[in-house]
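Just below is one structure, and these are the notes that go with it.
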Amino acid sequence: MAKAISYNKLWKLLIDRNMTRQDLRKISGISTVSLAKMAKGENITTDVLIKVCNALDCEISDIMETVTIKV
């Protein structure tokens, strides 16, 4: 089994705050490409993660986690 990054915590946080992904993009200043990569569970830079955390006033552990996947 391998590990991967999941952003499900981020999507739940947005729902809890009544925000859309586009709202997040606007307040954090991240690109649509970075947002799309996150939606697909792809790798993004730590700079993007920090922008999201600053915009949402949260910690990295509040927006992402590692999950076990089948290879």
Side-chain angles (χ1 to χ4, degrees):
M1 299 273 178
K3 294 282 187 180
I5 297 294
S6 170
Y7 297 102
N8 288 342
K9 285 183 158 187
L10 172 60
W11 311 135
K12 183 176 181 334
L13 183 63
L14 291 180
I15 291 168
D16 292 346
R17 295 188 183 190
N18 199 31
M19 294 176 66
T20 66
R21 292 179 184 191
Q22 291 308 313
D23 293 336
L24 173 63
R25 186 186 62 75
K26 290 174 186 173
I27 66 168
S28 65
I30 64 173
S31 69
T32 54
V33 172
S34 293
L35 188 61
K37 284 183 175 185
M38 292 173 77
K40 295 176 186 176
E42 296 178 359
N43 293 333
I44 57 170
T45 66
T46 52
D47 289 342
V48 171
L49 294 173
I50 295 300
K51 285 180 181 182
V52 170
C53 289
N54 285 338
L56 297 175
D57 190 29
C58 66
E59 298 295 324
I60 287 181
S61 61
D62 295 330
I63 64 169
M64 62 184 282
E65 64 185 338
T66 58
V67 293
T68 303
I69 59 169
K70 294 180 183 178
V71 185

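Bear in mind the structure is a predicted one, so any value in this text is a computation, not a measurement. Both backbone and side-chain heavy atoms feed into the values below; hydrogens, waters and symmetry mates do not.
Atom OG1 of Thr20 is separated from atom CD1 of Ile15 by 11.0 Å, given to the nearest 0.5 angstrom. Atom-to-atom distance recorded for Leu10:CG and Ile60:CD1 is 12.0 Å, nearest 0.5 angstrom. Between the OG1 atom of Thr45 and the CD1 atom of Ile50 there is a distance of 9.5 Å, given to the nearest 0.5 Å. Rounded to the nearest 0.5 angstrom, Cys58 SG and Ile63 CD1 are separated by 5.5 Å.
Looking at Tyr7 and Ile44, their side chains come closer than 4.5 Å, going by heavy atoms from C-beta outward.
Remark: Ser6 engages Asn8 in a side chain to side chain donor-acceptor pair (under 3.5 Å) (not counting sequence neighbours). Residues that satisfy the side chain to side chain contact (heavy atoms under 4.5 Å, CB included) test with Thr46, not counting sequence neighbours, are absent from this structure.
Applying the side-chain hydrogen bond (donor to acceptor under 3.5 Å, both in side chains) test to every pair with at least one member in residues 53-70, sequence neighbours left out, gives these pairs: Lys3-Thr68. Legend: salt bridge (Lys or Arg N to Asp or Glu O under 4.0 Å) pairs involving residues 7-29, not counting sequence neighbours, sorted by first then second residue: Lys12-Asp16.
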Please tabulate, for the side chains in residues 27-40, all donor-acceptor contacts under 3.5 angstrom to protein atoms that are two or more places apart in sequence or on a different chain.
from, atom 1, to, atom 2, distance (Å)
Ser28, OG, Leu24, O, 2.7
Ser28, OG, Ile30, N, 3.4
Ser31, OG, Val33, N, 3.4
Ser31, OG, Ser34, N, 3.0
Ser31, OG, Ser34, OG, 3.2

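Following chains of ILVMFWY side-chain contacts shorter than 4.5 Å, one can reach Ile5 starting from Leu14, so the two form part of one hydrophobic cluster.
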